[in-house]
2 protein chains.
Amino acid sequence: MVTLADVAQHAGVSASTVSYVLSGKRSISASTRARVERSIEQLGYHPNAGARALASNRSNIIALMVPLRTDMYVPVMMEIAIAVATTARTYGYDVLLLTGEEGADAVRRIEGSALADAMILMDVELHDDRLPPLRAARRPGVLIGLPAETDGLSCVDLDFAAAGALCAEHLAGLGHREIAVIGEAPGVYERLTGFAERTLSGLRERCGELGLRLLHRPCEGSYASVSATVGRIFDERPGTTAFVVQNEAATDPLLALLRQQRRAVPEDVSVVAICPDQVAVQASVPLTSVALPAQEMGRHAVEQVVAKLAGRGGDEVVLLKPELTVRESAGPRAVAGDPLP
Amino acid sequence: MVTLADVAQHAGVSASTVSYVLSGKRSISASTRARVERSIEQLGYHPNAGARALASNRSNIIALMVPLRTDMYVPVMMEIAIAVATTARTYGYDVLLLTGEEGADAVRRIEGSALADAMILMDVELHDDRLPPLRAARRPGVLIGLPAETDGLSCVDLDFAAAGALCAEHLAGLGHREIAVIGEAPGVYERLTGFAERTLSGLRERCGELGLRLLHRPCEGSYASVSATVGRIFDERPGTTAFVVQNEAATDPLLALLRQQRRAVPEDVSVVAICPDQVAVQASVPLTSVALPAQEMGRHAVEQVVAKLAGRGGDEVVLLKPELTVRESAGPRAVAGDPLP
DNA sequence: GGCCGTAGTCGAAGCGCTTCGACCCTTCTA
DNA sequence: TAGAAGGGTCGAAGCGCTTCGACTACGGCC
């Protein structure tokens, strides 16, 4: 393995000079710099990560904790993870993948061992037990999601309340008066992740303002359970003309069901989803949807981490503004006497 | 930060003794061990990762390279990644997440910087440009997937040829004589990942032996493209009574289409999928399927890596035996005069 | 012309750990 | 009962890097 000392000898300078060429922390003459860089190139030198971490007290690693379960919004998680890894690389950081399994212990372990310089936590619950050790840590932490108490922490998330409001507005604008929400699986609500509730409250509030009737039903992603849920909704509110879906897995079954029931989308029933764009585009009827900006969230999280590590900027809660893309699944409310298209 | 020396002082022993308690590389009296362990506990000591890596030349990190693209079998990738991370932890390793973006350079970087002790590569192509630097590296590497040349490398993958054969056998056993394969997107075949071709050759061979007619069509995952593909298949081979689907994204659109065309599954048409169990279970008709054993693959890969790092075992190609689970989407071929159930 | 400030370089002291050789003491064996 | 054989512990030498202080040389200033 080629070391700093080898490079120094090859270039005819001292080890510290090579180090300063690498870090740029002291000025180096152009000629020396060129010579050193040529030696690095020729010898194929890569700094030893362990030695560097030991000496500088910086590992250049960011830990990313992803949820263990693979039953929910997996593509979003994956997309965030990849965005985090990619963005981190552009700032010279690598990413350590932790699973939720270890929970708070993982936070303590990383902090204690100095394995990573900072942590990014996904799938944050309202009262997450990883937060106390994270607050106590001397390393910066950024959450993707929004806990009950955010002081001392940085957070990035979609503004789900605004997303809910946006759905309500769009449907109201199309003339709909009765809306049903097909929500996440009951387990999601029980785990108190918060985002589902925030969407709902945004929806409720704006529906109130606009005079819409709103019905909410949690729902598993399976075909059977979507079928049961939709059945109950139409029983209870036969006047329902629009659905808001916040459950990736439920979109396809819902469209299939409506088709089967001879309810045309969007002519008879409108559907608006809150889901990744990819899901919306691939659906059997391209979905008018509010995007889950996975990449943007990952990128933001890394940028906050990097800023904190550079001593810039403090704690910050960033709620990304939702954007609704009009596709084909939502249209004007059908009223009695409407001419067929 | 509490160090080894702090623990040593607290326990009244030398630093090396603490180190030996931790590593178990020399025998330590029960009383000393107990005293040291109590000190570690009380002080909340965690070994510094950088120092340990520097001194021992082992980082206890395994690098995992996942594909950058998020357009294909994402849940499988995620499941593998999580299985790798979880299994690695049980052996005391952490996982570094690399994206495919850096390609061969990432392999060289990890090797040069000693950031990780070993590498696991996913989404391996037949002639992958990461393989030469991996072969040249002094650290063990394990592939998830099967390249054209495997010498000097360990590989784990599903035996896709056997999976194909298994599908053919199952359908033949149910009396089907004409089978159509809905394959991966054309891009997958062009990228030469190999697994799609292996499935096909397994299918072809067994179909030949069993006297079945086989038709293969690549297909994008979108509803429109599945619709077009199925249309062409029935035009060309009206006698087709069974589908083999190797394309996660295509299963739901296919079932929806068949329903729309009034072809009942499994009464009129049988469907067998090669996909993760989760997809099979959640489909509108639970799919008889050959599972993609994501977890098992991840686990195996880590175990091979760990064995190699321990000096045990050499290069090995492990092809996991496929298993077919009977669910509801495949049944006996309908023949003229069949009584209705 | 002496003095200061600055750019450019070097040497040496660690960072916190592992590991080798050395040492002491007890126990077993001939 | 002497010597060998281990078990248990310690001290010290690194691992490859960063960083601090010190040193040289040079130009500008009064």
Side-chain angles (χ1 to χ4, degrees), chain A residues 1-37 39-40 43-61 92 109-117 138 309, chain B residues 1-37 39-40 43-61 92 109-117 138 309:
Chain A
M1 204 84 287
V2 28
T3 71
L4 228 207
D6 298 335
V7 175
Q9 191 178 357
H10 186 270
V13 297
S14 75
S16 50
T17 300
V18 177
S19 178
Y20 286 123
V21 167
L22 251 27
S23 69
K25 293 192 178 174
R26 285 200 183 175
S27 51
I28 297 286
S29 69
S31 69
T32 304
R33 154 170 292 115
R35 207 145 29 88
V36 169
E37 279 167 351
S39 296
I40 289 177
L43 300 179
Y45 169 69
H46 288 269
N48 180 293
R52 176 171 271 190
L54 177 58
S56 68
N57 206 19
R58 283 291 188 102
S59 64
N60 283 303
I61 289 179
R109 188 168 64 86
I110 297 302
E111 163 72 4
S113 67
L115 227 185
D117 298 334
R138 282 195 296 306
L309 286 173
Chain B
M1 204 81 290
V2 28
T3 71
L4 227 203
D6 299 334
V7 175
Q9 190 178 359
H10 186 271
V13 297
S14 75
S16 49
T17 299
V18 177
S19 177
Y20 286 123
V21 167
L22 252 27
S23 69
K25 293 192 180 173
R26 285 201 184 173
S27 49
I28 297 285
S29 69
S31 68
T32 305
R33 155 170 290 117
R35 205 143 31 90
V36 169
E37 279 167 353
S39 297
I40 289 176
L43 300 178
Y45 169 70
H46 288 269
N48 178 292
R52 176 170 269 192
L54 177 57
S56 67
N57 206 18
R58 283 291 188 101
S59 64
N60 282 304
I61 289 178
R109 187 168 64 85
I110 298 302
E111 162 73 4
S113 67
L115 227 186
D117 297 333
R138 280 193 298 304
L309 286 173

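Note on naming: letters A, B, ... go to the chains in the order of the sequence lines (proteins, then strands), and numbering restarts at 1 for each one.
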Touch class at under 4.0 angstrom, heavy-atom based, for B:S29 against every strand present: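 Answer is sugar-phosphate: B:S29 comes under 4.0 Å of backbone atoms only.
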Sugar-phosphate, base or nothing in reach of A:S23, heavy atoms under 4.0 Å: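 A:S23: no heavy atom of the nucleic acid under 4.0 Å.
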Quick one, [X] and [Y] - any side-chain contact, counting heavy atoms below 4.5 Å?
{"X": "A:Y45", "Y": "A:L22", "value": "yes"}
{"X": "B:R58", "Y": "B:L309", "value": "yes"}
{"X": "B:I61", "Y": "A:L115", "value": "yes"}

Residue whose nearest DNA chain D nucleotide is more 5′ - A:L22 or B:I28: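 It is B:I28 whose nearest nucleotide is closer to the 5' end.
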Strand DNA chain D in bracket notation, Watson-Crick/G-U under 3.5 Å with | for pairs to another chain: ||||||||||||||||||||||||||||||
Euclidean distance, atom [atom1] of residue [X] to atom [atom2] of [N] [Å, nearest integer]:
{"X": "A:N57", "N": "C:dG16", "atom1": "CG", "atom2": "P", "result": "8 Å"}
{"X": "B:L115", "N": "D:dG16", "atom1": "CG", "atom2": "C1'", "result": "14 Å"}
{"X": "A:R33", "N": "C:dG8", "atom1": "CZ", "atom2": "P", "result": "9 Å"}
{"X": "B:I40", "N": "C:dC17", "atom1": "CD1", "atom2": "C1'", "result": "13 Å"}
{"X": "B:R52", "N": "C:dT19", "atom1": "CZ", "atom2": "C1'", "result": "13 Å"}

Contacting residues from residues 2-10 of chain A, given that a heavy atom lies under 4.0 angstrom of DNA chain C: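 Residues of residues 2-10 of chain A under 4.0 Å from DNA chain C: none.
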Of the non-hydrogen atoms in [X] and [Y], which two are nearest, and what is the gap between them?
{"X": "B:V2", "Y": "B:L43", "result": "CG1-O, 3.6 Å"}
{"X": "B:N48", "Y": "B:G50", "result": "OD1-N, 2.9 Å"}
{"X": "B:N60", "Y": "B:D117", "result": "N-OD2, 2.7 Å"}
{"X": "B:A116", "Y": "B:S59", "result": "CA-OG, 3.4 Å"}

Looking at [X], does any N or O in its side chain come under 4.0 Å of the phosphate oxygens OP1/OP2 on [N]?
{"X": "A:Y45", "N": "D:dC17", "answer": "yes"}
{"X": "A:S56", "N": "D:dT18", "answer": "no"}
{"X": "A:T17", "N": "C:dT9", "answer": "no"}
{"X": "B:S14", "N": "D:dT9", "answer": "no"}
{"X": "B:K25", "N": "C:dT18", "answer": "no"}

Proximal nucleotide (of C:dT18, D:dT19, D:dG16) relative to the A:S19 side chain: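 Of the candidates, D:dT19 comes closest.
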Of the listed nucleotides C:dC15, D:dC17, D:dC15, the one nearest the side chain of B:L54: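 Nearest to the side chain of B:L54 among the choices is D:dC15.
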B:S16 and B:S19: side chain donor to acceptor below 3.5 Å: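 Per modelled atom types, B:S16 and B:S19 side chains form no pair under 3.5 Å.
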Check: A:H46/B:S113 side-chain N/O donor and acceptor closer than 3.5 Å: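 There is no such pair between these side chains.
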Heavy-atom donor-acceptor pair, B:S16 side-chain to D:dG11 base, under 3.5 Å: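 A donor-acceptor contact between them is present.
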Pair of N/O donor and acceptor under 3.5 Å linking D:dC17 base with A:Y20 side chain: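 There is none.
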Check: A:R35 side chain, A:A11 main-chain N or O, donor-acceptor pair, under 3.5 Å: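 A pair under 3.5 Å: yes.
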Check: A:T32 side chain, A:I28 main-chain N or O, donor-acceptor pair, under 3.5 Å: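 Judged by distance alone, no pair lies under 3.5 Å.
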Every protein N/O lying under 3.5 Å from an N/O of nucleotides 22-25 of chain C:
| residue | atom | partner | partner atom | Å |
| --- | --- | --- | --- | --- |
| C:dA22 | N6 | B:R26 | NH1 | 3.4 |

Distance (rounded to the nearest 0.5 Å) between B:R33 CZ and B:T17 OG1: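 It is 11.0 Å, given to the nearest 0.5 Å.
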